[in-house]
K.L.:
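Take this structure first; my questions come after.
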Protein chains: 2
Amino acid sequence: MLNSYSSADKVLLAVDCIIFGFDHEGLKILLIKRDFEPEKGKWSLIGGFLKRDEVLDNAAIRILNTYTGLNDIYMEQLYAYSEIDRDPVERTISVSYYALINIENHNAELIKNYHAQWFSIAEAPHLIFDHNEMVQNAIKRLRYRTSIKPIGFELLPEKFTMRQLLELYEAILSKELDKRNFISKINSLEILNKLEEKDMQSSRKGSYLYTFNKEKYEEKLLNDFVLNL
Amino acid sequence: MLNSYSSADKVLLAVDCIIFGFDHEGLKILLIKRDFEPEKGKWSLIGGFLKRDEVLDNAAIRILNTYTGLNDIYMEQLYAYSEIDRDPVERTISVSYYALINIENHNAELIKNYHAQWFSIAEAPHLIFDHNEMVQNAIKRLRYRTSIKPIGFELLPEKFTMRQLLELYEAILSKELDKRNFISKINSLEILNKLEEKDMQSSRKGSYLYTFNKEKYEEKLLNDFVLNL
DNA sequence: AAATTAAGTGTAAAAACAACATTAATAAGT
DNA sequence: ACTTATTAATGTTGTTTTTACACTTAATTT
């Protein structure tokens with residue numbers, strides 16, 4: 001019985017994570033100052049190497065945890081980048097993953113201890129290797145995702161206002177949306193619970209708070225829909 | 001200067017190609033009888049290993065050519081599969097690619113000499129490893145692609161009838177489409193040239209032949225649209 | 001001449017979408 | 001206490017898009 005494909009070349013396989021967050025300032029990504037050569041000290045996506053006995057999905061989870069302390073983040077695979085010299089040290093193919101997380105829930109302190117930092121999408125620094133390209137592709141995918149799956153559960157605080165949800169969508173799509181049309185389209189998805197409670201921060205009148213209806217939200221995650229905003 | 005990431009594990013990286021074709025019988029995929037162990041003699045996607053100095057896209061092209069003689073086929077990357085034991089011989093991560101080709105143009109003889117064979121999607125045999133899963137995901141992607149890019153140039157003969165185009169879409173989407181609505185939606189894309197010439201095979205009256213308007217078609221390939229069929 | 005076959009063509013009703021402005025609730029200021 | 005300022009909440013209408021649907025035409029075969 002065969003136990004190796006002896007003639008084939010082996011390569012390093014890396015994983016890079018594009019972590020999106022959202023707060024009152026807008027859409028952000030989480031970056032780290034690279035702590036090893038080459039390009040040590042430059043800004044980079046959160047990345048690392050796949051281990052021999054590890055599935056890519058798990059490598060992404062492990063690597064994210066190593067550099068940020070973040071746990072239980074569901075990431076989705078995007079694309080494998082394989083340009084010969086993308087990493088100048090050694091031939092490395094990198095598989096990108098992306099996720100959406102809530103900045104506030106995920107403890108800024110923790111992230112900071114690990115030297116990770118949030119950057120507004122627009123103001124993010126130049127990144128090493130082909131990481132800027134990875135980010136651009138991830139944004140594209142995130143926009144597409146927005147049109148077929150609900151979004152926000154991972155990004156907003158538990159209770160949020162319609163305005164916050166609207167601003168999230170506007171940030172992702174980077175375009176203005178009509179408030180009234182937005183509300184009726186979102187409502188037609190039936191994934192929100194309107195609370196009695198109001199948020200009094202934002203205005204004198206106060207605005208109603210909402211939560212996601214977890215069951216319906218997850219059902220919509222499985223069964224794609226079409227949402228034109 | 002660093003010249004290796006010495007502690008990281010290297011793995012085999014494979015590429016598997018899902019080649020879709022279309023003829024009067026419907027949508028098909030191209031498979032080969034595997035010519036090496038393990039699973040020698042079983043049906044498989046067209047696959048092989050990435051070489052050290054090769055980009056994934058090129059590996060896909062080379063591998064497809066090796067097993068089928070096919071040339072100049074544009075393939076698109078889909079997904080990296082990394083289950084630990086997906087290949088029982090040795091840890092192998094496989095990146096899937098897919099393409100659409102015209103069965104008739106691409107010489108059945110040639111393919112046959114290489115022991116590749118077309119199978120109707122519905123009647124395809126059980127495949128080795130996780131190849132069936134790869135095919136399912138590719139079909140899903142193909143359906144999505146259909147809604148944002150024109151399709152058919154790669155799959156149909158140069159001159160074709162509206163019915164053939166309709167049947168192609170029906171095969172990909174696996175649902176019936178309304179003939180009149182289909183025609184007006186396709187016409188609104190303005191990618192077809194209607195010829196004077198008629199095809200007299202299919203009916204007594206004969207049906208007009210069309211060609212794709214290459215410039216417009218390629219423009220639409222770049223600038224996605226929305227097509228609801 | 002009649003029958004058969006697939007091709008070709010248009011309309012009307014329903015649904016979805018886009019654009020738009022006023023009133024309501026409350027806190028702050030006088 | 002009244003006025004002012006601020007943001008929230010809400011619904012309608014015209015337009016566009018989508019869907020559903022059936023008859024006539026051209027040519028061959030019988």
Side-chain angles (χ1 to χ4, degrees), chain A residues 24-26 143 146-148 150 152 156-157 159-171 173-211 220 224-229, chain B residues 24-26 143 146-148 150 152 156-157 159-171 173-211 220 224-229:
Chain A
H24 57 281
E25 296 174 337
R143 285 190 184 141
T146 286
S147 71
I148 55 163
L156 293 174
K159 298 175 182 179
F160 53 89
T161 63
M162 269 294 176
R163 171 159 299 267
Q164 283 176 287
L165 188 60
L166 172 68
E167 283 172 358
L168 168 60
Y169 274 87
E170 289 184 332
L173 301 175
S174 67
K175 67 174 179 188
E176 287 205 350
L177 299 173
D178 180 275
K179 185 173 46 154
R180 283 171 289 188
N181 293 338
F182 176 79
I183 291 172
S184 54
K185 284 171 185 177
I186 289 294
N187 280 334
S188 74
L189 296 179
E190 301 186 302
I191 54 173
L192 298 184
N193 298 125
K194 186 175 190 167
L195 307 180
E196 306 276 301
E197 200 182 343
K198 284 187 163 190
D199 170 272
M200 301 307 294
Q201 308 304 112
S202 60
S203 79
R204 307 203 166 141
K205 184 178 175 182
S207 53
Y208 284 105
L209 288 165
Y210 292 80
T211 57
K220 298 271 176 184
D224 298 354
F225 50 82
V226 180
L227 179 61
N228 288 322
L229 292 172
Chain B
H24 58 281
E25 295 173 336
R143 284 187 186 144
T146 285
S147 71
I148 56 164
L156 292 174
K159 298 175 181 180
F160 54 90
T161 64
M162 268 294 175
R163 171 159 300 266
Q164 284 176 286
L165 188 61
L166 172 69
E167 283 173 356
L168 169 61
Y169 273 87
E170 288 184 331
L173 301 174
S174 69
K175 67 173 181 191
E176 287 203 351
L177 299 173
D178 180 274
K179 184 174 48 156
R180 280 172 292 187
N181 293 339
F182 176 79
I183 291 171
S184 55
K185 283 171 185 178
I186 289 295
N187 280 334
S188 75
L189 296 179
E190 301 185 300
I191 54 173
L192 298 184
N193 298 126
K194 185 175 192 168
L195 307 180
E196 305 275 302
E197 199 181 346
K198 283 188 163 191
D199 169 272
M200 301 306 296
Q201 309 303 112
S202 59
S203 78
R204 309 206 163 138
K205 184 177 175 181
S207 55
Y208 284 105
L209 287 165
Y210 292 81
T211 57
K220 297 271 176 184
D224 298 354
F225 51 80
V226 180
L227 179 61
N228 288 321
L229 293 171

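Treat the numbers as computed from the prediction; the structure is a model and nothing was measured. Atoms considered below: every heavy atom in the structure, side chains included; atoms not considered: hydrogens, waters and symmetry mates.
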K.L.:
Return the set of residues passing side-chain contact (heavy atoms from CB on, under 4.5 Å) with B:Lys159 (not counting sequence neighbours), or none when no residue passes.
P.N.:
B:Leu195, B:Glu197, B:Leu209, B:Thr211
K.L.:
Starting at NZ of B:Lys194 and ending at P of C:dA7, how long is that distance when rounded to a whole Å?
P.N.:
13 Å
K.L.:
Quick one: are B:Leu168 and B:Phe160 in side-chain contact, heavy atoms under 4.5 Å?
P.N.:
no
K.L.:
Do A:Lys194 and A:Asn187 come close enough that some side-chain heavy atom pair is under 4.5 Å?
P.N.:
no
K.L.:
How many Å lie between CD1 on B:Ile183 and C1' on C:dG10, as a whole number?
P.N.:
12 Å
K.L.:
Please report the closest heavy-atom contact between B:Lys220 and B:Leu189, naming both atoms and the distance.
P.N.:
CE-O, 3.2 Å
K.L.:
Can you tell me how far C1' of C:dA6 sits from CG of B:Leu166, to the nearest Å?
P.N.:
13 Å
K.L.:
Apply side chain to side chain donor-acceptor pair (under 3.5 Å) to B:Glu25 and list each qualifying residue two or more places apart in sequence or on a separate chain.
P.N.:
B:Lys28
K.L.:
If we only count heavy atoms from C-beta on, is the B:Thr161 to B:Gln164 side-chain gap below 4.5 Å?
P.N.:
yes
K.L.:
How does each nucleotide of nucleotides 18-28 of chain C score, in 5' to 3' order, for protein heavy atoms under 4.0 Å: base (B), sugar-phosphate only (S), or none (-)?
P.N.:
BBBB--BBBBS
K.L.:
Whole-Å distance between C:dT9 P and B:Ile186 CD1?
P.N.:
16 Å
K.L.:
Bend across the helix from C:dA1-D:dT30 to C:dT30-D:dA1, to 10°, with axes taken over 5 pairs at each end?
P.N.:
10°
K.L.:
Please list all pairs passing the salt bridge (Lys or Arg N to Asp or Glu O under 4.0 Å) test where one or both residues lie in residues 173-188 of chain B, with sequence neighbours left out.
P.N.:
none
K.L.:
What closest approach, in Å, do B:Ile191 and B:Pro150 show between heavy atoms, and which atom pair accounts for it?
P.N.:
CD1-CB, 3.8 Å
K.L.:
Find out whether B:Leu227 and B:Tyr169 are in side-chain contact, i.e. whether some heavy atom of one side chain is under 4.5 Å from a heavy atom of the other.
P.N.:
yes
K.L.:
If you count every heavy atom of other residues, nucleotides or ligands that lies below 6.0 Å from A:Phe182 atom CZ, does the total exceed 12?
P.N.:
yes
K.L.:
Quick one: how far along DNA chain D does chain A reach, first to last nucleotide 5' to 3', anything under 4.0 Å to a heavy atom?
P.N.:
D:dA5 to D:dG11
K.L.:
Between atom CZ in B:Phe182 and atom C1' in C:dT9, what is the gap in whole Å?
P.N.:
16 Å
K.L.:
Taking the side chain as everything from C-beta on, heavy atoms only, tell me whether B:Met162 gets closer than 4.5 Å to B:Tyr208.
P.N.:
no
